[in-house]
Asker: 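Questions regarding the structure given below will be posed in turn.
Just so it is clear, the values below take in all heavy atoms, side chains as well, and ignore hydrogens, waters and symmetry mates.
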Amino acid sequence: TYITPEDISKLKVTLTLTMTPERVREIFRTYSLAIETTKGRETSVHKLIKEAIELAGQAEKQNDRQKHIAAINKLETIIKSYPNPEYNPQILIYIGSYYEHFDMHAEALRIFEKILDEYPQNTLASLAQCAIGIIYEEKLNNPDKAKDAYQKTVENYPSSLEVTEARTGLSRLR
C-alpha cells in the first residue's frame with residue numbers, strides 16, 4: 001500500500017487514559033486506542049491501524065494469543081513503515097502495555113525504552129519511564145533497576161503525573 005504524506009497528516013490517534021497520577025497503572029490494564037481522520041476521510045494508514053486494532057479485538061474475543069501477537073506485530077510494522085511523531089508514542093504505549101499484558105516483560109521494556117530514545121520530550125515519555133520502574137520492581141524483582149527508572153522519572157519529568165508513583169516506588173525500595 002502506498003501512503004502519501006497527506007494520508008499521514010490526516011491521521012489522528014488518541015490514547016485514552018485519565019490525567020491522574022494513576023495513569024501509569026492504567027497502562028497495565030485494558031484501555032482503548034482510538035483512531036480517526038481529521039477531515040472525515042479514512043486514509044491508508046488509518047485502515048492499516050484499524051485492521052490491527054480489529055485483529056486485537058478478535059483475539060480478545062477468541063482468547064487467541066497468536067492473534068494478539070499478530071496484532072502487536074502489525075502495529076510495530078506500521079510505525080516502522082510510516083513513522084510519525086504525532087501518533088507513534090501513543091501506539092508504542094499501547095504496544096508496550098500489550099506486551100506486558102502477556103507477561104512479555106523484555107518486549108514491553110524494549111518498547112518503553114524506544115519511547116524514551118525516540119520521543120524523550122513527548123508527554124508520554126514520563127509514563128514509559130515510570131512503567132519501566134514498575135516492571136522491574138513488581139514483575140522482574142530487580143530493585144536496583146527499578147530505583148534507577150523511578151529516579152529518572154523524578155529527575156527528568158519532575159512535573160509529570162508519574163512523579164508521585166515514582167516517589168512512592170523509591171520509598172518502597174529504600
Asker: Could you go through the side chain to side chain contact (heavy atoms under 4.5 Å, CB included) check for Glu137 and Asn142 one step at a time?
Answerer: CA-CA 6 Å; Glu137 179 186 3; Asn142 189 328; over 6 Å; no
Asker: Would you compute the distance between atom CD of Glu86 and atom CG of Asn122 and round it to the nearest 0.5 angstrom?
Answerer: 10.5 Å
Asker: Could you walk me through whether Arg172 and Tyr150 satisfy the side chain to side chain contact (heavy atoms under 4.5 Å, CB included) test, starting with their C-alpha distance in whole Å, then the side-chain angles of each, then the deciding distance to 0.1 Å, before giving a yes or no?
Answerer: CA-CA 11 Å; Arg172 276 192 309 268; Tyr150 290 143; 3.6 Å; yes
Asker: Less than 4.0 angstrom from a charged side-chain N to a carboxylate O is my criterion; do Arg110 and Glu107 meet it?
Answerer: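 Counted as a salt bridge, because a side-chain N and a carboxylate O are separated by less than 4.0 Å.
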Asker: How long is the straight-line distance from CD1 of Ile49 back to CD1 of Ile91, given to the nearest 0.5 Å?
Answerer: 3.5 Å
Asker: For Ala131 versus Val24, what's the shortest heavy-atom pair and its separation?
Answerer: N-CG2, 3.7 Å
Asker: Inspect the contact between Glu54 and Lys74 and indicate whether a charged nitrogen and a carboxylate oxygen are less than 4.0 angstrom apart.
Answerer: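 Salt bridge flag = no for Glu54 with Lys74.
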Asker: Side chains of Gln129 and Thr153 only: does a donor on one sit below 3.5 Å from an acceptor on the other?
Answerer: no
Asker: Is the side chain of Asp148 donor-acceptor paired with the backbone N or O of Asp144 at a distance under 3.5 Å, no angle test?
Answerer: no
Asker: Scan Ile135, Leu109, Ile134 and name whichever one has a side chain to side chain contact (heavy atoms under 4.5 Å, CB included) with Glu100.
Answerer: Ile135
Asker: Take the angle between the ring planes of Phe102 and His68 and call it parallel below 30°, perpendicular above 60°, tilted in between.
Answerer: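 It falls in the tilted class, 30° to 60°.
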Asker: Which distance, rounded to the nearest 0.5 Å, do you find between the CD of Gln58 and the CD of Glu51?
Answerer: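 Rounded to the nearest 0.5 Å, the CD-CD separation comes out at 10.5 Å.
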Asker: Quick one: does any side-chain atom of Ser160 pair with a main-chain N or O of Tyr157 as donor and acceptor, under 3.5 Å?
Answerer: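 Yes.
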Asker: To the nearest 0.5 Å, what is the distance between CG (Leu75) and CD1 (Ile53)?
Answerer: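 Reported to 0.5 Å precision, the distance equals 6.5 Å.
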